[in-house]
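The structure under discussion appears below in the form of structure tokens.
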Amino acid sequence: MKRLLIAATLPIIGLAGCATTREATAEQRVSCERMEQDMGLRTTHDHAAMKGMGMNPMNLSHERCQQILAQPQ
């Protein structure tokens, strides 16, 4: 199960470094829509971020997908 989760999130992790408001590609949008259906887009509380160490990759990718899905098509 853990391997499946890692394999499913690897394509999204690539988005983590791109957390800007630039236009998303159609492929990124489809990936975010798939992730939203599979696991939702809620971010979890992040102890590292609370300590000023930056957000974890999963929360970064969820945040980026929230931005992408908020953009008009």
Side-chain angles (χ1 to χ4, degrees):
M1 181 69 175
K2 189 173 184 179
R3 283 185 183 179
L4 178 62
L5 181 60
I6 291 170
T9 58
L10 278 178
I12 303 298
I13 291 174
L15 294 174
C18 303
T20 65
T21 56
R22 67 182 165 83
E23 292 292 318
T25 65
E27 185 177 276
Q28 288 171 322
R29 185 169 191 85
V30 168
S31 179
C32 287
E33 288 170 349
R34 191 176 314 123
M35 183 172 72
E36 182 179 35
Q37 288 175 339
D38 292 346
M39 67 171 90
L41 294 176
R42 283 192 17 221
T43 55
T44 60
H45 71 278
D46 188 341
H47 292 274
M50 289 180 204
K51 295 176 183 176
M53 298 166 41
M55 293 175 68
N56 70 43
M58 184 182 73
N59 282 350
L60 285 171
S61 62
H62 283 234
E63 189 171 286
R64 176 63 179 141
C65 279
Q66 290 170 351
Q67 293 171 356
I68 288 171
L69 294 176
Q71 294 174 356
Q73 289 187 346

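- Taken to the nearest 0.5 Å, the CD atom of Gln37 stands 11.5 Å off from the SG atom of Cys32.
- Heavy atoms only, all atoms of each residue included: Asn56 and Asp46 are closest at N-OD2, 2.7 Å.
- Scanning both residues, Cys65 and Met35, for their nearest heavy atoms gives SG-CE, 3.4 Å.
- Placement of Met39 and Leu69 within a single hydrophobic cluster is found when ILVMFWY residues are connected by side-chain heavy-atom separations under 4.5 Å, directly or transitively.
- Separating the CZ atom in Arg64 from the OG atom in Ser31 is a distance of 11.5 Å, to the nearest 0.5 Å.
- Interatomic distance, Met58 CE to His62 NE2, rounded to the nearest 0.5 Å: 5.0 Å.
- Across all non-hydrogen atoms, the minimal contact from Gln28 to Ile68 is CB-CD1, 4.1 Å.
- The distance from the CG atom of Asn59 to the CD atom of Gln66 is 9.0 Å, given to the nearest 0.5 Å.
- The heavy-atom pair separating Gln71 from Ala24 by the smallest distance is OE1-N, 3.3 Å.
- Heavy atoms of other residues, nucleotides or ligands lying less than 6.0 angstrom from CE of Met53 number 12 at most.
- Within the model, atoms CZ of Arg29 and CZ of Arg34 stand 13.5 Å from one another, a figure rounded to the nearest 0.5 Å.
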